[in-house]
There are 2 protein chains.
Amino acid sequence: MMYQKKTPTILDCGLHLFMEVMSGKWKISLLWSIYHGIKRPSGIHKTITQASRRVLDAQLNQLVLHGLISRKDYHIKPYKVEYSLTELGHSLIPVIETTARWGEENRLVLEEKIFSCSID
Amino acid sequence: MMYQKKTPTILDCGLHLFMEVMSGKWKISLLWSIYHGIKRPSGIHKTITQASRRVLDAQLNQLVLHGLISRKDYHIKPYKVEYSLTELGHSLIPVIETTARWGEENRLVLEEKIFSCSID
DNA sequence: TTTGATACGGACAAATTTATCCGTTATTGC
DNA sequence: GCAATAACGGATAAATTTGTCCGTATCAAA
């Protein structure tokens, strides 16, 4: 069962919409894997070993519900399931690349700041 | 006292860096207000009435610690404090605009999906 | 002198997200 | 049969974020 929000979601501006569907610790990595052709849940898990399979499944479900990826079940035994980006998911790639570029360009400063926050 | 993280922060890719400094329910609105010339805490609060002053202060502090805004205390009575974007904060504006544009372009679909998640 | 504006943050509760533990089903290979 | 792989999700604990309730201080104006 999925968690039921108790406070209203704010979607004033487009950035809030973006944050809403992107928030989730592993979602970026998941989208990235799928974009790079790793489609099966087990394969994805092998590329994101820090997270448990359970958690990845949950976030994959959210991505599906938000319409960024689609899930194809081949209905064969042994099981086979594949995820792929939807059109909406694809439209997100250049946006992700823009933000990722900003992060990389400022990595040194950002890492230092983030680090100093986590000690005092 | 600020919360002490217990699990390691993941900063593999630039997008994670972006998410790290942008995560926080009111940060976008705060940056937006400051960018648009509303600099004093009380004024900012008037533009974001859904949040309590306490919460806004906390997130403003985080933005300062992450180096996105700077805080100038005029050391006069009655109190006067002003926030402004740092160079790093400014460099974020076009990135925010890119993601916001994506959100707006897909608002209809996204709102519908987000909404349907919140009912079943 | 009481009210209101400015500014800030401790202490704690509530909401939300993430992680861990385990149980299910079915197939392949040894 | 027994272990490994593939797939999925309930129940619950732990971590993290957000919100609420207060208390501090200074000054101005009514």
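Predicted, not measured: the structure shown is a model, and the values here were computed from it. Chain naming here is simple, since letters A, B, ... match the order of the sequence lines and numbering starts at 1 in each.
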Nucleotide interval of DNA chain D bounded by contacts with chain A (heavy-atom cut-off, under 4.0 Å)
D:dA6 to D:dA11
Please collect all ring-ring contact (aromatic ring centres under 6.0 Å, His included) contacts where either partner lies in residues 22-61 of chain A, sequence neighbours excluded, each pair once.
A:W32-A:Y35, A:W32-A:H36
Just how far, in rounded Å, is P of C:dT17 from CG of A:L60?
17 Å
Salt bridge (charged side-chain N to carboxylate O under 4.0 Å, His left out) pairs, two or more places apart, involving residues 55-68 of chain A
A:R53-A:D57
Contact list for residues 69-79 of chain B, test salt bridge (charged side-chain N to carboxylate O under 4.0 Å, His left out), sequence neighbours left out:
B:R71-B:D73
Can you name the residues that form a side chain to side chain contact (heavy atoms under 4.5 Å, CB included) with B:K39, not counting sequence neighbours?
B:E82, B:S84
Contacts of type side chain to side chain contact (heavy atoms under 4.5 Å, CB included), residue A:I76, not counting sequence neighbours
A:Y74, A:K80
What pairs with B:S91 under side chain to side chain contact (heavy atoms under 4.5 Å, CB included), at least two apart in sequence or on another chain?
A:W102, A:N106, B:L88
Would you list the atom pairs, donor with acceptor, under 3.5 Å between side chains in residues 6-25 of chain B and any protein atom, with sequence neighbours excluded?
| from | atom 1 | to | atom 2 | distance (Å) |
| --- | --- | --- | --- | --- |
| B:E20 | OE2 | B:K5 | NZ | 3.4 |
| B:S23 | OG | B:M19 | O | 3.4 |

Nucleotide by nucleotide, 5' to 3', does protein get under 4.0 Å of the base (B), only the sugar-phosphate (S), or neither (-) in nucleotides 5-12 of chain C, counting heavy atoms?
-BSBBBB-
Tell me which residues in residues 13-30 of chain B put a heavy atom below 4.0 Å from DNA chain D, sorted by number, or none.
B:G24, B:K25, B:W26
Which pairs, with at least one residue in residues 75-95 of chain A and sequence neighbours excluded, count as a ring-ring contact (aromatic ring centres under 6.0 Å, His included)?
none
Flag yes if more than 12 heavy atoms outside B:E97 fall under 6.0 Å of its CD atom; otherwise flag no.
yes
Is there a side chain to side chain contact (heavy atoms under 4.5 Å, CB included) between B:I48 and B:Q50 once you walk through the steps?
CA-CA 6 Å; B:I48 312 175; B:Q50 304 115 305; 4.1 Å; yes
A:L85: which of A:I69, A:L68, A:L63 passes side chain to side chain contact (heavy atoms under 4.5 Å, CB included):
A:I69
Just the table, please: protein N/O against nucleotides 14-16 of chain C N/O, every pair under 3.5 Å.
| from | atom 1 | to | atom 2 | distance (Å) |
| --- | --- | --- | --- | --- |
| C:dT16 | OP1 | A:K6 | N | 3.3 |
| C:dT16 | OP1 | A:T7 | N | 3.1 |
| C:dT16 | OP1 | A:T7 | OG1 | 2.6 |
| C:dT16 | OP2 | A:Y3 | OH | 2.9 |
| C:dT16 | OP2 | A:K6 | N | 2.8 |

Grouping I, L, V, M, F, W and Y whenever their side-chain heavy atoms are under 4.5 Å apart, do A:L92 and B:I114 come out in a common cluster?
yes
